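A short worksheet on the structure shown next.
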Amino acid sequence: MKVENCEKLVYVRPKGRDVNGNYAYDFYFSTTPDLVYGPEWDDNSPASAIEDLSPEPSTCSSVHNVSTQMPLQTIEENSCFSMDYAINGIIALAWINIEGMDTYPEYGRMVFHFGDSVEKVENLLKLYDYHLDS
């Protein structure tokens, strides 16, 4: 009998580039996404105006590293919307930045929303030969 992982995506934090020149991110998951909070998540200021939006560690159940060749735009880098917009599904936590690409991504635009299941995130990453690392 397969046990379903009930973790949900609650945050994506950009970490910069890794030693191979890939873009590195932390994907935060929680079994209780409705209880997850971070500093100033209730603030209506643009997300980019807040120094660190990472969720309170005690409210997350796991953090996974993801390394991609394509840059992701994240809510943390957004100068128009607050974290509250991402929690309520108005804007994604992270998405492929297609600016400057010659062609549209073969499998469509990779987009990660607050509350996406681990399975959904893994499946989307697999389309591009990426994966969640522990």
Side-chain angles (χ1 to χ4, degrees):
M1 182 171 128
K2 182 180 177 184
V3 177
E4 185 177 325
N5 185 336
C6 59
E7 289 184 305
K8 304 292 183 188
L9 183 65
V10 294
Y11 193 68
V12 177
R13 184 176 68 86
K15 298 188 331 182
R17 292 207 162 185
D18 63 20
V19 295
N20 297 319
N22 292 324
Y23 300 91
Y25 303 90
D26 282 335
F27 278 53
Y28 290 76
F29 291 89
S30 176
T31 55
T32 55
D34 53 327
L35 300 178
V36 172
Y37 66 91
E40 303 185 55
W41 277 21
D42 57 351
D43 190 340
N44 285 326
S45 298
S48 64
I50 300 167
E51 188 173 319
D52 183 12
L53 280 174
S54 298
E56 178 64 38
S58 64
T59 65
C60 294
S61 51
S62 66
V63 179
H64 298 273
N65 300 310
V66 174
S67 180
T68 68
Q69 294 175 340
M70 295 181 285
L72 299 177
Q73 185 74 36
T74 67
I75 186 69
E76 184 173 298
E77 301 163 307
N78 188 286
S79 61
C80 296
F81 299 102
S82 68
M83 187 60 192
D84 188 56
Y85 281 76
I87 292 168
N88 289 301
I90 297 167
I91 188 170
L93 290 171
W95 56 95
I96 289 178
N97 182 350
I98 60 172
E99 193 172 306
M101 288 185 161
D102 293 334
T103 59
Y104 196 77
E106 180 180 355
Y107 300 108
R109 197 169 192 167
M110 190 168 26
V111 179
F112 301 99
H113 292 278
F114 186 94
D116 282 352
S117 67
V118 169
E119 181 179 40
K120 182 176 182 178
V121 171
E122 287 176 329
N123 289 339
L124 190 52
L125 289 169
K126 283 179 191 175
L127 288 174
Y128 294 89
D129 292 326
Y130 304 137
H131 59 278
L132 295 172
D133 292 332
S134 300

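Please read these numbers as outputs of a predicted model, since none were measured by experiment. Atoms considered below: every heavy atom in the structure, side chains included; atoms not considered: hydrogens, waters and symmetry mates.
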Practice task
Please examine the side chains of Leu35 and Ser30, heavy atoms only from C-beta on, and report whether any two atoms are closer than 4.5 Å.
Solution key: no
Handout entry: side chain to side chain donor-acceptor pair (under 3.5 Å) involving Thr68 - partner list, sequence neighbours excluded
Key = none
Handout entry: Pairwise salt bridge (Lys or Arg N to Asp or Glu O under 4.0 Å) hits with a residue in residues 22-35, at least two apart
Key = Arg13-Asp26, Lys15-Asp26
Handout entry: Qualifying residues under side chain to side chain donor-acceptor pair (under 3.5 Å), relative to Glu76, sequence neighbours excluded
Key = Tyr11
Problem - salt bridge (Lys or Arg N to Asp or Glu O under 4.0 Å): pairs with one or both residues in residues 95-104, sequence neighbours excluded - result: none
Practice task
Treating Ile, Leu, Val, Met, Phe, Trp and Tyr as nodes and any side-chain heavy-atom pair under 4.5 angstrom as an edge, say whether Tyr37 and Tyr28 lie in one connected cluster.
Solution key: no
Practice task
Indicate yes or no: at least one non-hydrogen side-chain atom of Trp41 is less than 4.5 angstrom from one of Val36.
Solution key: yes
Completion exercise
One should read off an interatomic distance between Thr31 OG1 and Lys8 NZ, to the nearest 0.5 angstrom, of 11.0 Å
Exercise for the section: Taking the side chain as every heavy atom from C-beta outward, state whether Tyr130 and Met70 have any atom pair closer than 4.5 Å. Expected result: yes
Handout entry: Heavy-atom side-chain contact between Leu127 and Leu124 under 4.5 Å
Key = yes
Problem - Counterpart residues, side chain to side chain contact (heavy atoms under 4.5 Å, CB included), relative to Asp133 (two or more places apart) - result: Asn65, His131
Problem - All side chain to side chain donor-acceptor pair (under 3.5 Å) counterparts of Ser67, not counting sequence neighbours - result: Asp18
Show me the side-chain donor-acceptor pairs of residues 110-118 shorter than 3.5 Å, one per line, residues at least two apart or across chains.
{"residue": "Asp116", "atom": "OD2", "partner": "His113", "partner atom": "N", "Å": "2.8"}
{"residue": "Ser117", "atom": "OG", "partner": "Lys120", "partner atom": "N", "Å": "3.0"}

Sequence neighbours left out, cut at 3.5 Å: what donor-acceptor pairs do the side chains of residues 79-89 make with other protein atoms?
{"residue": "Ser82", "atom": "OG", "partner": "Asp84", "partner atom": "N", "Å": "3.4"}
{"residue": "Asp84", "atom": "OD1", "partner": "Asn88", "partner atom": "ND2", "Å": "3.1"}
{"residue": "Asp84", "atom": "OD2", "partner": "Asn88", "partner atom": "ND2", "Å": "3.4"}
{"residue": "Asn88", "atom": "ND2", "partner": "Asp84", "partner atom": "O", "Å": "3.0"}

Exercise for the section: Quick one: which residue pairs count as a ring-ring contact (aromatic ring centres under 6.0 Å, His included) with a foot in residues 44-65, not counting sequence neighbours? Expected result: Phe29-His64
Handout entry: With Tyr107 via ring-ring contact (aromatic ring centres under 6.0 Å, His included) - residues at least two apart
Key = Tyr128
Problem - Minimum side-chain heavy-atom gap Tyr23-Leu72 below 4.5 Å - result: no
Practice task
Quick one: list whatever passes ring-ring contact (aromatic ring centres under 6.0 Å, His included) with Tyr25, sequence neighbours left out.
Solution key: none
Completion exercise
Those residues at least two apart in sequence (or on a different chain) that pass salt bridge (charged side-chain N to carboxylate O under 4.0 Å, His left out) with Lys126 are none
Handout entry: Spacing of CD1 belonging to Ile90 relative to CD1 belonging to Ile75, to within rounding of 0.5 Å
Key = 10.0 Å
